[in-house]
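Okay, structure first, notes after.
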Amino acid sequence: MTNVSRRSLVAGATAAGAALGALGSSIPTASAAPGVAWPAVKRPTDLSRIVWWSAAELATAIRQRKVSCVEVMTAYLDHIDQINPQVNAIVALRPRADLLAEAAEKDRLLDAGDYQGWMHGFPQAVKDLANVKGMPTSLGFFSAAPPAAADSLIVERVRAAGAIFIGKTNTPEFGLGSHTYNNVFGTTLNAYDPSRSAGGSSGGAAVAVALRMLPVADGSDFFGSLRNPPGWNNVLGLRPSYGRVPGLGGEQFVQQGGTEGPIARTAADLALFLDTLAGYDVRAPLSIEQDLPRATTGKGGPSTRGRRVAWMADLGGYLPMEPEVLEVTGAAVDRMRAMGMRVDKVDGLPTAPGFAGNADLWPTWLIFRHWLVGGILKPLYDNAALRAQMKPEAIYEVEGLLTGADGNPAISGIDTWNGSVKRTAMYQAFRTLFETYDYVVLPTAQVFPFDADEHWPSEIQGTPMSSYHRWMEVTAIGTLLGAPTLAMPAGFSHDGLPMGLQVIGRNHDDAGVLELAAAWERETGFVEDHLPPLIAP
């Protein structure tokens with residue numbers, strides 16, 4: 001790790017010297033995580049209540065020695081044992097004895113004055129697409145994967161911040177599709193209705209955070225995977241600006257689709273965890289080198305009054321949507337108006353020379369998706385034995401690249417070039433739009449959580465869906481822009497199912513969308529006031 005920057009090692013954590021001086025009864029200082037308003041906590045009489053703390057509260061309690069790391073691990077494992085069998089969010093859970101031994105070692109470090117970072121002693125499960133040294137990575141496909149030889153980059157950073165890795169969070173096969181099921185671990189179920197889909201591909205992560213089985217969770221997002229699952233489970237997710245959270249492995253210059261990011265229950269926790277995951281790394285040449293501006297997410301955060309919002313809804317009827325999705329998200333946008341934000345209805349994507357707006361969205365997306373995902377999966381597809389085990393969605397992406405899909409021909413080099421030119425024009429159109437607006441807002445999905453036994457919605461309001469992901473077209477916009485895109489709760493259907501809002505910010509303005517998340521949290525209290533039935537009193 002000699003080439004990792006200082007920020008890569010300790011982002012969101014305490015430098016060793018500051019940690020030594022701040023142990024004892026004091027709350028973590030600004031040097032532990034600049035600009036953080038650390039909350040005050042008291043030791044609970046009932047230690048099972050530990051899991052109800054926010055991540056910031058948990059960090060303070062551990063640092064101040066209000067609870068031990070062993071007590072924290074015990075509370076979380078007891079809660080997981082009770083709740084997880086009903087939803088299957090956390091998989092490959094490690095033995096309790098091993099985890100308690102690691103927690104005891106974290107306590108011994110504290111006794112010696114060695115505080116590793118704000119996540120010291122946190123139980124952490126990593127999405128099962130990322131490597132954790134010594135643990136298998138199934139990708140939702142390989143049932144007998146060998147233990148990983150090294151940590152992924154984000155796991156390096158989380159480990160440096162002091163976390164204990166307890167297992168993995170479930171994901172669909174290869175992370176494809178916004179419904180978390182696979183033949184290795186089965187299906188993850190919705191936190192608010194276990195008969196429904198949790199979304200995907202970060203479904204296990206979102207459900208685990210919603211049900212207080214993890215303080216925070218990592219996820220990844222190519223096509224809404226840090227947006228749809230949080231939206232369907234009433235928590236927060238952030239697809240960061242591309243390059244904000246770099247990844248290692250594989251091709252580094254073309255793969256500008258997927259990115260990892262945080263899931264949390266509060267805006268402060270989302271910002272803290274993003275700060276840990278983010279930062280330049282010389283091994284990732286397109287990673288963002290400038291420091292992540294600190295978002296103000298506490299009670300005294302900046303007002304959003306006067307900020308301008310472009311409410312795109314269903315793009316003027318272009319996107320098929322369940323009527324109640326528009327009803328719930330429209331009511332949420334009305335609350336933005338009540339907060340003093342200036343909201344305009346914008347019925348369609350902006351246009352620019354070379355980008356025709358709505359009509360160009362899906363064709364541009366298909367080229368981008370087939371090219372990148374098909375390229376990743378082609379080596380498996382070339383193996384006849386593995387191809388026979390791949391789900392149709394994976395084969396669709398490879399064959400979309402090689403031979404064509406949906407009536408389209410195979411994708412050529414000139415197709416990818418023209419698609420990238422069109423994507424650039426789309427970015428320029430939005431750049432102009434953002435000269436007027438601070439945020440672009442859309443729903444996180446076009447339907448509410450569907451039956452967990454379905455693979456994906458075949459139609460919406462009578463409009464057939466041409467592919468396994470066409471019903472998620474609303475999330476393609478943020479990905480193609482490479483822009484920071486927040487998922488925050490919007491409200492609930494008449495039968496209690498959550499829906500979220502996507503908030504797209506200006507290029508690299510991750511702090512701006514986090515500040516809106518904090519203001520929204522203060523206004524609505526959605527997460528704390530609407531608990532999943534599985535854990536409601």
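These figures come from a predicted structure and were not determined experimentally. Both backbone and side-chain heavy atoms feed into the values below; hydrogens, waters and symmetry mates do not.
A donor-acceptor pair shorter than 3.5 Å can be found between the side chains of Asp510 and Ser241. Residues Asn228 and Thr444 bring no donor and acceptor atom of their side chains to less than 3.5 Å of each other. In summary, the side chains of Asn170 and Asp128 do not present any donor paired with an acceptor at a separation below 3.5 Å, with no hydrogens or angles considered. Side-chain contact, Ser202 with Lys127: a donor N or O sits under 3.5 Å from an acceptor N or O. Under 3.5 Å, the side chains of Arg227 and Thr479 contain a donor-acceptor pair of N or O atoms.
Salt-bridge check for Glu515 with Arg307: passed, with a basic side-chain N closer than 4.0 Å to an acidic carboxylate O. No salt bridge links Arg159 with Glu156; every basic N to acidic carboxylate O contact stays at or beyond 4.0 Å. A salt bridge links Arg337 to Asp334: at least one charged side-chain nitrogen sits closer than 4.0 Å to a carboxylate oxygen. Between Glu71 and Arg43 there is a salt bridge, with a side-chain nitrogen of the basic residue lying less than 4.0 Å from a carboxylate oxygen of the acidic one. For the pair Arg96 and Asp81, the salt-bridge criterion is met [side-chain N within less than 4.0 Å of a carboxylate O]. Contact check on Arg265 versus Glu57 returns no salt bridge, with no Lys/Arg side-chain nitrogen under 4.0 Å from an Asp/Glu carboxylate oxygen. Checked for salt-bridge contact, Asp275 and Arg244 miss the test: no charged N lies under 4.0 Å from a carboxylate O.
At least one test fails for Arg239 against the ring of Phe223: distance under 6.0 Å to the centre or angle within 45° of the axis. For the pair Lys391 and Phe141, the cation-pi test (distance below 6.0 Å, angle within 45°) is failed.
Ala210 and Ala191 get closest at one heavy-atom pair: CB-CB, 3.9 Å. Shown here for Met472 and Ala445, the closest heavy-atom pair between the two residues is SD-CB, 4.1 Å. The two residues Ser220 and Ser225 have their closest heavy-atom pair at O-CB, 2.8 Å. Closest heavy-atom contact between Gln446 and Arg470: OE1-O, 3.9 Å. A pairwise comparison of heavy atoms in Val132 and Ala148 identifies O-CB, 3.5 Å as the closest pair.
Within the 3.5 Å criterion, the main-chain N or O of Pro172 finds no donor-acceptor partner in the side chain of Ser201. Between the Arg94 side chain and the Ile166 main chain, no donor and acceptor come within less than 3.5 Å of each other. Of the possible donor and acceptor atoms, one in the side chain of His120 sits under 3.5 Å from a partner among the backbone N and O of Lys106. Side-chain atoms of Thr188 come within 3.5 Å of backbone atoms of Asn88 as a donor-acceptor pair (strictly under, hydrogens ignored). Looking only at distances, no side-chain donor or acceptor of Gln502 sits under 3.5 Å from a matching main-chain atom of Leu442. The backbone N or O of Ala55 sits nowhere less than 3.5 Å from a side-chain atom of Trp118 that would complete a donor-acceptor pair. The backbone N or O of Val309 lies less than 3.5 Å from no partner atom in the side chain of Asp438, so there is not a single donor-acceptor pair.
Here Tyr192 and Phe492 bring their ring centres to under 6.0 angstrom of each other.
Annotation: side chain of Ile535 is in contact with side chain of Pro532 (closest heavy-atom distance under 4.5 Å). Side-chain contact between Ser152 and Ile154: present, with at least one pair of heavy atoms (C-beta onward) separated by less than 4.5 Å. Residues Val158 and Asp218 have side chains not in contact (no heavy-atom distance under 4.5 Å, counting atoms from C-beta outward). Residues Val328 and Phe448 have side chains in contact (heavy-atom distance under 4.5 Å, counting atoms from C-beta outward). In this structure the side chain of Cys69 reaches within 4.5 angstrom of the side chain of Leu110, judged on heavy atoms. The shortest distance between side-chain heavy atoms of Leu58 and Phe122 falls below 4.5 Å. Residues Val216 and Met119 meet the side-chain proximity criterion, which asks for heavy atoms closer than 4.5 Å. In this structure the side chain of Ile83 reaches within 4.5 angstrom of the side chain of Met213, judged on heavy atoms.
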From CA spacing to verdict: side chain to side chain contact (heavy atoms under 4.5 Å, CB included), Arg63, Thr60: CA-CA 5 Å; Arg63 185 183 179 91; Thr60 300; 5.8 Å; no

Checking side chain to side chain donor-acceptor pair (under 3.5 Å) for the pair Asn131/Thr137: CA distance, chi angles, key distance, verdict? CA-CA 6 Å; Asn131 287 338; Thr137 305; 2.6 Å; yes

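Ring orientation note: the planes of Trp232 and Trp471 are close to parallel, at an angle under 30° on the 30°/60° scale. Ring orientation note: the planes of Phe142 and Phe174 are nearly perpendicular, at an angle over 60° on the 30°/60° scale.
For His455, the NE2 atom is loosely surrounded, since the number of other residues' heavy atoms within 6.0 Å does not exceed 12. Sparse packing is recorded around CG of Asn183, with 12 or fewer heavy atoms of other residues, nucleotides or ligands lying under 6.0 Å away.
Evaluation of the side-chain hydrogen bond (donor to acceptor under 3.5 Å, both in side chains) rule for Thr304 yields no partner, not counting sequence neighbours. Evaluation of the salt bridge (charged side-chain N to carboxylate O under 4.0 Å, His left out) rule for Asp314 yields no partner, not counting sequence neighbours.
Of the residues listed (Val126, Ile90, Leu93), the one engaging Lys168 in a side-chain contact (heavy atoms from CB on, under 4.5 Å) is Val126, and it is the only one. Under the side-chain contact (heavy atoms from CB on, under 4.5 Å) test applied with Trp456, the options Glu393, His469, His179 reduce to a single match, Glu393. Each of Thr187, Asn190, Asn233, Leu211 was compared with Val87 under the side-chain contact (heavy atoms from CB on, under 4.5 Å) criterion, and only Leu211 meets it.
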